[in-house]
Protein chains: 2
Amino acid sequence: VKLSDGVEWGLHSAAVLAGLPPNALRAGKDLAEFHGVSESYLLKHLKAMVKANLLESVPGPNGGFRLARAADTITFLDVVDAVEGSYRSFVCTEIRQRCPIDAPASFAAPCQIHAAMRQAENAYRNALKERTLGHLAAELTAKLPAARQKAAAEWLTERVRFPAARKERKMK
Amino acid sequence: VKLSDGVEWGLHSAAVLAGLPPNALRAGKDLAEFHGVSESYLLKHLKAMVKANLLESVPGPNGGFRLARAADTITFLDVVDAVEGSYRSFVCTEIRQRCPIDAPASFAAPCQIHAAMRQAENAYRNALKERTLGHLAAELTAKLPAARQKAAAEWLTERVRFPAARKERKMK
């Protein structure tokens, strides 16, 4: 029972996108290079996050990705659900109803096993719901060594894209 | 991302075993029939629970399964881990270390993404650790309709096995 690599990749990519200047984009290939992962596989996950309205994608040779809304409003759970599909690890198939007994039974009340598994899953989901990309960006800023942050920022700044600005240049 | 059916089957079977008289056994085929599931597939999961020291298995034609220890000491997490292997849904592959940046970085501090995912997973595991088969048996007794409980008890009592007693009879 494992989440796909995509959850890790999606969260790290979203953390990088959370640091973009307004309106700026980052190319999928730069996100892939920054994290040392397969570009085509990463794109699959980024597209799932676009579909879930967490990211925006701008097409074209100077296109790329950015957050679709404020980092404070995107939770870890949003990313997990976008990449994995809505996460429900325990599937109750109501085997209690298959019991070969004649006595009638009401199954209106939920199965206690189902309820306990669901409660645990909700504890998991609530923990992920409480953390946002905003928290993550703040933590990275607080904890990464300054020299590392500076070098990463330089690497990323060199590769930032502003599609509107480029368009204007082309039209001149 | 789904737990196997085995978690549901294992928990329901363990709940039935929690209601056995001392020393008694229940055959795998009766547990399968009681839950309307495949015997061979259920046996696979019961054996995993034997391996994890949650159940005891007595071999032979009059053999079967029983809890290896008191129901109060067997948690839902024990069953999930036994059936699924130790449950860790998020696997951190440390992609932060693949970053193509020259600045040296210390990775002694855990990745914030890894930490957040682990925290959520611990919330899940702790919720499952707090519930035991003892709780489950008490809840079933409290909530199942009395007629249903009686009929189930009768069905199960007809099929209970006492290997030691049977052995004595054979030796006479």
Side-chain angles (χ1 to χ4, degrees), chain A residues 1-5 7-9 11-12 15 33-37 76 80 84-85 87-93 95-106 109 112-114 116-117 119-128 131 135-136 139-140 143-145 147-148 150-152 154-155, chain B residues 1-5 7-9 11-12 15 33-37 76 80 84-85 87-93 95-106 109 112-114 116-117 119-128 131 135-136 139-140 143-145 147-148 150-152 154-155:
Chain A
V1 183
K2 287 186 179 132
L3 296 172
S4 85
D5 287 343
V7 170
E8 185 185 16
W9 300 9
L11 285 166
H12 276 277
E33 188 183 350
F34 190 75
H35 296 114
V37 300
F76 274 50
V80 171
E84 289 292 327
Y87 180 92
R88 282 288 173 207
S89 68
F90 181 77
V91 179
C92 174
T93 63
I95 64 174
R96 62 180 180 161
Q97 298 197 25
R98 302 187 205 156
C99 183
I101 289 178
D102 272 341
S106 158
Q112 295 302 306
I113 289 173
H114 185 181
M117 295 302 291
Q119 192 181 27
E121 220 163 80
N122 286 342
Y124 175 85
R125 294 178 65 83
N126 288 337
L128 292 180
R131 296 183 74 86
H135 298 142
L136 180 59
E139 283 168 347
L140 291 175
K143 298 197 178 172
L144 269 186
R148 175 79 174 184
K150 188 164 168 286
E154 281 167 7
W155 193 96
Chain B
V1 182
K2 286 186 179 133
L3 296 171
S4 85
D5 287 345
V7 170
E8 185 185 15
W9 300 10
L11 284 167
H12 277 276
E33 187 183 350
F34 189 76
H35 296 114
V37 301
F76 274 49
V80 171
E84 290 290 328
Y87 179 93
R88 282 288 174 207
S89 69
F90 181 77
V91 179
C92 174
T93 63
I95 64 174
R96 63 179 180 163
Q97 299 196 26
R98 301 186 205 158
C99 183
I101 289 179
D102 271 341
S106 159
Q112 295 302 306
I113 289 174
H114 185 180
M117 296 302 291
Q119 193 181 25
E121 220 163 81
N122 286 342
Y124 174 85
R125 295 177 65 83
N126 288 337
L128 293 180
R131 296 184 73 87
H135 298 142
L136 180 60
E139 283 167 349
L140 291 174
K143 298 197 177 171
L144 269 185
R148 175 79 173 184
K150 188 164 168 286
E154 281 167 6
W155 193 96

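All values below come from the heavy atoms of this structure, side chains included, with hydrogens, waters and symmetry mates left out. Just so we're on the same page: letters track the sequence lines, and every chain starts at 1.
- Closest approach of A:C99 to B:R148, counting heavy atoms only: CB-NH2, 3.2 Å.
- In this structure, B:I101 and A:A152 approach most closely via the heavy-atom pair CD1-CA, 3.0 Å.
- Contact annotation for B:F34: both backbone and side-chain heavy atoms come within less than 4.5 Å of a heavy atom of chain A.
- Between A:R98 and B:H35 the shortest side-chain heavy-atom distance does not fall below 4.5 Å.
- When heavy atoms are compared at a cutoff of 4.5 Å, A:I113 approaches chain B by way of both its backbone and its side chain.
- Per-residue heavy-atom pair counts under 4.5 Å with chain A were compared for B:A15, B:C92, B:P100, B:A123, and the maximum is reached by B:P100.
- The OH atom of B:Y124 lies 4.0 Å from the CE atom of A:M117; values are rounded to the nearest 0.5 Å.
- Residue B:A120 comes nearest to A:L128 through the heavy atom pair CB-CD2, 3.5 Å, listed as atom of the first residue, atom of the second, then distance.
- Only the side chain of A:D5 comes within contact range of chain B, with heavy atoms under 4.5 Å apart.
- The line from CG of B:L11 to NE2 of A:H114 is 12.5 Å long, rounded to the nearest 0.5 Å.
- Distance alone, capped at 3.5 Å, is enough to place a donor-acceptor pair between the B:E8 side chain and the A:T93 backbone.
- Ranked by heavy-atom pairs under 4.5 Å with chain A, the first of B:E139, B:R131, B:H12 is B:H12.
- Looking at B:L136, the atoms closer than 4.5 Å to chain A (heavy atoms on both sides) all sit in the side chain, from C-beta outward.
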